[in-house]
Amino acid sequence: MKLLLDTHLLLWAAGDPERLPAPARTMIEDPAHQLVFSAASLWEIAIKNGLGRSDFRADPALLRRGLLDNGYIELAITGRHAVAVAGLPPLHKDPFDRMLIAQAIADGLLLLTVDHGIAPYSGPIQIF
């Protein structure tokens, strides 16, 4: 199964794994799963780190390199994903989360998240 990690889980998996909820850690560490990260997460980190958000303290270039070196698959943002965002109901305002939801639906990935604001969306989403 391909798992798309949301930005917080991605940051925790890469640099602070003890913050991962135990069920998420179990899924991430299962070698049967392919781990996927979105360019949207790197974009979110770059923007929010630049704004001084303490929960997004990471160098997106170093994070990307580390994820790729550890076998993660990078998911680009495509026009198909952008169009899929337009089909989502306006339940959650964060554009980065909306893109991750659209990517998970469009590409048949299971989105792992700790964001309960995503709960109202139907689709392949696992909330911890």
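All values derive from a computational prediction rather than experimental measurement. Any value given below was found using the heavy atoms of this structure, including those in side chains, with hydrogens, waters and symmetry copies removed.
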Worksheet entry | Sub-4.5 Å side-chain heavy-atom contact between V114 and W12 | yes

Heavy-atom nearest pair, L11 first then D55, reads CD1-O, 3.6 Å

Tell me whether Y121 contacts the main-chain N or O of I101 through its side chain, where contact means a donor paired with an acceptor under 3.5 Å. no

What one should report as the nearest heavy-atom pair of A58 and I45 is O-CG2, 3.7 Å

With sequence neighbours left out, the residues meeting ring-ring contact (aromatic ring centres under 6.0 Å, His included) with H81 are none

*Carefully, step by step, assess L110 and L112 under the rule side chain to side chain contact (heavy atoms under 4.5 Å, CB included).*
CA-CA 6 Å; L110 178 60; L112 303 184; 4.0 Å; yes

When rounded to the nearest 0.5 Å, the distance separating CG of D97 from CG of L100 is 6.0 Å

Q) Can K48 and D94 be counted as an ion pair, charged N to O under 4.0 angstrom? A) yes

Rounded to the nearest 0.5 Å, the CD1 atom of I77 sits from the CZ atom of F96 at a distance of 8.5 Å

Separation between OG (S41) and CG (L4), nearest 0.5 Å, reads 7.0 Å

(Q) Whether R80 and D107 form a salt bridge (side-chain N of Lys/Arg under 4.0 Å from carboxylate O of Asp/Glu) is what I want to check. (A) yes

- Message: Tell me whether I28 shares a hydrophobic cluster with L68, the cluster being built from Ile, Leu, Val, Met, Phe, Trp, Tyr side chains joined at under 4.5 Å.
- Response: yes

Notebook entry, point to check: Is the backbone of G66 close enough, under 3.5 Å, to the side chain of N70 for a donor and an acceptor to pair up by distance?
Noted result: yes

By side chain to side chain contact (heavy atoms under 4.5 Å, CB included), I127 pairs with (sequence neighbours left out) T113, H116, A119, I125

(request) Decide whether L111 and V36 are clustered together by the hydrophobic rule: side chain heavy atoms of Ile, Leu, Val, Met, Phe, Trp, Tyr closer than 4.5 Å, transitively. (result) yes

- prompt: Is there a chain of hydrophobic side chains (I, L, V, M, F, W, Y, each step under 4.5 Å between heavy atoms) that links I105 to I73?
  reply: yes

Using a 3.5 Å distance criterion without hydrogens, assess whether the side chain of Q103 forms a donor-acceptor pair with backbone atoms of A76.
yes

Scanning both residues in full, the closest heavy-atom pair of L42 with P60 reads CD2-O, 3.8 Å

Fill in: Stepwise side chain to side chain contact (heavy atoms under 4.5 Å, CB included) check, H92 with I118
CA-CA 7 Å; H92 193 57; I118 293 175; 4.2 Å; yes

CA sep, side-chain torsions, deciding dist, call: L109, L3, side chain to side chain contact (heavy atoms under 4.5 Å, CB included) = CA-CA 6 Å; L109 308 170; L3 307 177; over 6 Å; no

Taking only distance into account, with no hydrogens and no angle test, what donor-acceptor pairs under 3.5 Å do side-chain atoms of residues 15-23 form with protein atoms, sequence neighbours excluded?
none

ring-ring contact (aromatic ring centres under 6.0 Å, His included) filter on Y72, not counting sequence neighbours, yields none

_Would you say that L5 contacts F37 through its side chain, given a criterion of any heavy-atom pair below 4.5 Å between the two side chains?_
no

* To do: Decide side chain to side chain contact (heavy atoms under 4.5 Å, CB included) for M27 and F128; before the verdict, give the C-alpha distance in whole Å, the side-chain angles of both, and the deciding distance to 0.1 Å.
  => CA-CA 11 Å; M27 291 181 78; F128 300 100; 3.7 Å; yes

Taken in chain and number order and not counting sequence neighbours, the residues that satisfy salt bridge (charged side-chain N to carboxylate O under 4.0 Å, His left out) with D30 are none

The reported gap from CG in L35 to CG in L67 (rounded to nearest 0.5 angstrom) is 9.5 Å

For residues 56-76, the salt bridge (Lys or Arg N to Asp or Glu O under 4.0 Å) pairs (sequence neighbours left out) are R64-E74, R65-D69

Flag, side chain of H33 to backbone of K2, donor-acceptor distance under 3.5 Å
no

